[in-house]
Amino acid sequence: MRTRVVALEAQTGRRERPCSSPRCLPARFISVDTSPTPAPDTARTATPRPDDPGTARSGRHRTGPAGSASAANRTPSDTGGGPTAGRTPSNSGGGPTANRTPSDTGGGPTANRTSGGARRATAGRTTDDTRRAVAERSLAANRATTRRDDTTDTTDTTEAADTTGPSSAGRRRRTVLLLLGLTAVTSATALVLGLLSWAPDPPEPARPLTLGEGERLAAVRVTNLRDLRAGVRVTAGTGAARIELVGWVDWSRSLLYLDVGGPGAGAERGLLQKSGPVLVIRPDPAAVPTPAAPPLMPPADRWRLHRLAPGAHLAPVLDLLLNLAADRPDTTTRTAPPDGARWITRETIPAGPLDVIQAPLPTGAPAASTAIGTPSAATPAPDGQTRYWLDQDARLHKLVTRLPDAGPVTMIFNRADRPTLRPVDALGGRPGLPRALTDAEQRRLDRLPARLRAHGGATVTLTAPMGTDTNLRGAGWLSWSARTAYLAVADLGVPDRRTLLRRDAAGLARADLPAADAGGGTAEAPSRPPLPPPAGGWRVSRPARDDLRVLVDAAIAAGSVGQRGAAVRVREDVTAGRTVDVIESGPADARLRYWLDRDGSLRRLELQTDAGAWAHLDLQPAVVPRLAANPRPAAPRPSTPRPSTPRPGAR
């Protein structure tokens, strides 16, 4: 850069300011001397030849800042005069000036000058042309120099970058990639060699139970009772007789809540609840064959008492589910494992490792069937022996066995699925914590008869599972002021018939009519009885105890609950959108529950029937039509005895 500046000063005769950008130097900092004295031609004078006569004639040369020779031995006249006219072409080309005589300072013509305007004009044009030529040569030289310098710098920089930065980074990348490739190849080779040489460990042979395993087997039923509930999925039978159950078992309350499906479900297809010996179903013949988990809040309608047919596949399965709980361990199993009890294998599930133990069913459960049947893919015990899948805490996760009339049975338990189950109304509804009545509750109960008589009457809806084959539905009216009742009752087993029931102070009368003549409706929801009541066909019931008669009589009695202090509050519930207190009273063989709202009105009356289920009357205060008295049966006429003597003339 410094060399280019010095050369430019030598060409133009001026000192230039340095420029930070070499590319813009020729265009922005090159100036042309427009004075009459032409700039020296550095191209010709930069290196004077030894044989140049001008150089030889000159005495001492003064070197300027650019290192070029200037005019030597100038006299004082050189500083005072104007421009020198009539220089020879050799002088205009940048050669050194000859020694001047003192006469040059006086302004007179020199030896080499000529006279005349033509000479001066020619000299002026020659000077201008010379300056332009010098400037053009200088500009071209500077551009060429700049291009050479830039190319050299760029090339040098690129070569330096290639040899220092990117080359090192590329070598490092190649090294890392090479190491990764070698690692991958080594891992793949080791994996292939391991797979080729791997062989599973031989299974541990079956053996007798250890003491700890026997204790866990004995504690299975106690653990079930302690855990209260579990989700369950059951498959019983094979082929067209297969049934499938999905739902929950509550061992603490001996309650089952299942959805029944499968090709062999039959009349039980739908929802099922079982509490102890009482079984109620909600049949759904149109349900899909594959069952699903039932709703946690069971539907309130269409439940009926049901009796399983003898030899049904479902009965032993339900009994086994409820018998898998006990309040104490099996001491015989804990001290001395039964015959055939063996440890089979170990399996692993997401919940942890399980021990598969083969042993007989617990005492009280249905005996396992040893009859040889069609083997099932879900039954890993073709010999019919029962197998338990137990974890380390004595929790049962799976049970496989064979049952009489059911075939192979597989039960899978979900120990984490433990919702609180709610029995339906036919089983008494959800459980509560019975306690004594508060003073406010006792006062509402004491005022109940007067309040009911003030209401006058109510509409009645009857739901009564009276027996395994008798499920009654009814609708009608009840009058507390007249102490009468009039209902149309339908039996689900006989949907095309109705029984009209009339109750007054004289007793209870019934009449059986076709459904169309008794108000119509469906067997599940019959209509109210016709008004006025039919005239004929009535029969007076005998005064024998009947659950339906007891329930109707208790409703007409206007809430006479018997001895004070004998009632207990069972729980709080909701019916018809109103909060009620469920109060239980009455003798042990005829327990009644009164559903009283906070205003002291009776909303429901429940009775536990002989079958163990609960029948109820829902009451809604309303205006009741006046009913005529029940027809009285005609008194039987005395029969005339036939004379024993023969008539006259008789032989």
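Note that these values count all heavy atoms, side chains included, but never hydrogens, waters or copies made by symmetry.
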Worksheet item: Between Asp599 and Ser601, does any side-chain donor sit less than 3.5 Å from a side-chain acceptor?
Response: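 No donor-acceptor contact under 3.5 Å links the two side chains.
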Discussion item. Can you confirm whether the side chains of Asp547 and Thr609 place a donor and an acceptor under 3.5 Å from each other?
Written reply: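 Short answer, no.
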Worksheet item: With side chains defined as the heavy atoms from C-beta onward, is the minimum distance between Glu524 and Leu492 less than 4.5 Å?
Response: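 Heavy-atom side-chain distance check passes, below 4.5 Å.
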Would you mind checking if [Y] and [X] are paired as a salt bridge, meaning a charged N to carboxylate O distance below 4.0 Å?
X: Arg598; Y: Glu441; answer: no
X: Asp491; Y: Arg498; answer: no
X: Arg603; Y: Asp618; answer: no
X: Arg510; Y: Asp546; answer: yes
X: Asp517; Y: Arg497; answer: no
X: Arg221; Y: Asp327; answer: no

At what distance, to the nearest 0.5 angstrom, does [atom1] of [X] lie from [atom2] of [Y]?
X: Leu403; Y: Asp319; atom1: CG; atom2: CG; answer: 9.5 Å
X: Arg430; Y: Arg571; atom1: CZ; atom2: CZ; answer: 6.0 Å
X: Asp417; Y: Arg415; atom1: CG; atom2: CZ; answer: 11.5 Å

Worksheet item: Do other residues, nucleotides or ligands put more than 12 heavy atoms under 6.0 Å from the CG atom of Asp439?
Response: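 Not more than 12 within 6.0 Å, no.
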Practice prompt. List the steps and the verdict of salt bridge (Lys or Arg N to Asp or Glu O under 4.0 Å) for Asp250 and Arg253.
Written response: CA-CA 6 Å; Asp250 188 335; Arg253 289 185 288 163; 3.2 Å; yes
Discussion item. As a quick check of understanding, evaluate side chain to side chain donor-acceptor pair (under 3.5 Å) for Asp391 and His397, giving each step before the final call.
Written reply: CA-CA 8 Å; Asp391 62 11; His397 291 263; 3.0 Å; yes
Practice prompt. Might you work through the salt bridge (Lys or Arg N to Asp or Glu O under 4.0 Å) test for Asp553 and Arg503, ending with a clear yes or no?
Written response: CA-CA 8 Å; Asp553 289 347; Arg503 170 67 168 84; 2.6 Å; yes
Worksheet item: Can you check whether Ala293's main-chain N or O pairs, donor with acceptor, with Asp259's side chain at less than 3.5 Å?
Response: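 Between the backbone of Ala293 and the side chain of Asp259 there is no qualifying donor-acceptor contact (under 3.5 Å).
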